[in-house]
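Every number for a ligand or one of its atoms is a count from 1 in the order of the listing.
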Amino acid sequence: MEQLVKQIESLKEEIRAFNNGDAESFRIKYLGTKGLVKALMGEMKNVAAENKKQAGQLLNEFKLFTEARYDELKAASGNGQQATQSDMDLSLPADPMPLGSRHPISIVKNRIISIFKRLGFAVAEGPEIEDDFHNFTALNMPENHTARDMQDTFYITQNPDWLLRTHTSSVQVHEMQKGNLPIRIICPGRVYRNETISARAHCFFHQVEGLYIAENVSFADLKQTLYFFVQEMFGKDVKVRFRPSYFPFTEPSAEMDISCLICGGDGCSVCKKTGWVEILGCGMVHPNVLDNCGIDSNKYTGFAFGMGIERITMLKYQIKDLRLFSENDVRFLKQFTSGV
Ligand code: PHE
């Protein structure tokens, strides 16, 4: 009995002094199936009957002591699960974290927004599911107007009044109806058209349209605004030209071209040897549109313009196929990491 007491005392010393931090080797040595605690318990059979009770208590207390020390060591080495210092190389580089990148359409959209913001344009957004009035009728395209053919879209059988918007001009109608003049907004967003998908057309694309309505707004303001935009977007050397065109919602209307970014105007396959590439439609807001939206067309004038973000992006990055934008191929998308 005395011997057991002594043995336990010296083991306790040893255990208290155990401090190499390796909880697992401690567990194996003292608490494992072949460990010292088990071995001591096995000695119980040799203890005289009258001492059994006391010896049992001593051994139990010793077991608890050993377990407590094990918990302590485990906590000190981070739950005993982390690698110990010796097998960790802190000089190794960390695992690379793959970073996503913005979609090129978003990059260019944000760039367009930031340019117009500097001219005082605010961003306005509206619903992609529209009614006939906001998408067509208010914009001087009444039912059966031939111009509707160019913007065929997707309708809902249950309600022929609902459609997927063909341009974000519909957002401009919402803003005009609010009647807070002057209005100076750009409307970015997704639009839809019923077109066969090819390298140059898709059933949806993205637009930024702009609208400025105040007193005495003139075509000169329109030209200067768009000229500023082009220079900021494509560089100071780019030239612009306006060609007369037709839109039911503007009068006069124009198409704006920029000098070809590839050949600088000499003529190449991208500009079909003309030296010019079309980038947007624009014009002075038709008085009928102002009247349809409750704005006094005798007092106010305004200009509007609309461009396809895909088109601007294709020109900026020389992308040849529109379908690449919606295929989600990471090899294509990860090339556009820089903010323009
Ligand atoms: N809404 C026209 C379109 O989608 C673009 C445009 C807007 C043209 C404003 C002129 C003025 O084709």
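- Counted by atom type alone, E125 and H174 present zero donor-acceptor pairs between their side chains at under 3.5 Å.
- Ring geometry for Y30 versus F18: interplanar angle over 60°, hence perpendicular rather than tilted (30 to 60°).
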Short N or O contacts of ligand 1 with protein, under 3.5 Å, listed by atom name?
residue	atom	partner	partner atom	Å
ligand 1	1 (N)	H167	ND1	2.9
ligand 1	1 (N)	S169	OG	3.2
ligand 1	1 (N)	E209	OE2	2.7
ligand 1	4 (O)	R193	NH2	2.9
ligand 1	4 (O)	Q207	NE2	2.9

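- Between Y246 and H145, the ring-plane angle classifies as parallel under the 30° and 60° cut-offs.
- Classified by interplanar angle (parallel below 30°, tilted 30° to 60°, perpendicular above 60°), the ring pair F332/F336 is perpendicular.
- In this structure, F136 has its ring center at least 6.0 angstrom away from the ring center of F249.
- Residues satisfying the salt bridge (charged side-chain N to carboxylate O under 4.0 Å, His left out) criterion with K272, sequence neighbours excluded, are absent altogether.
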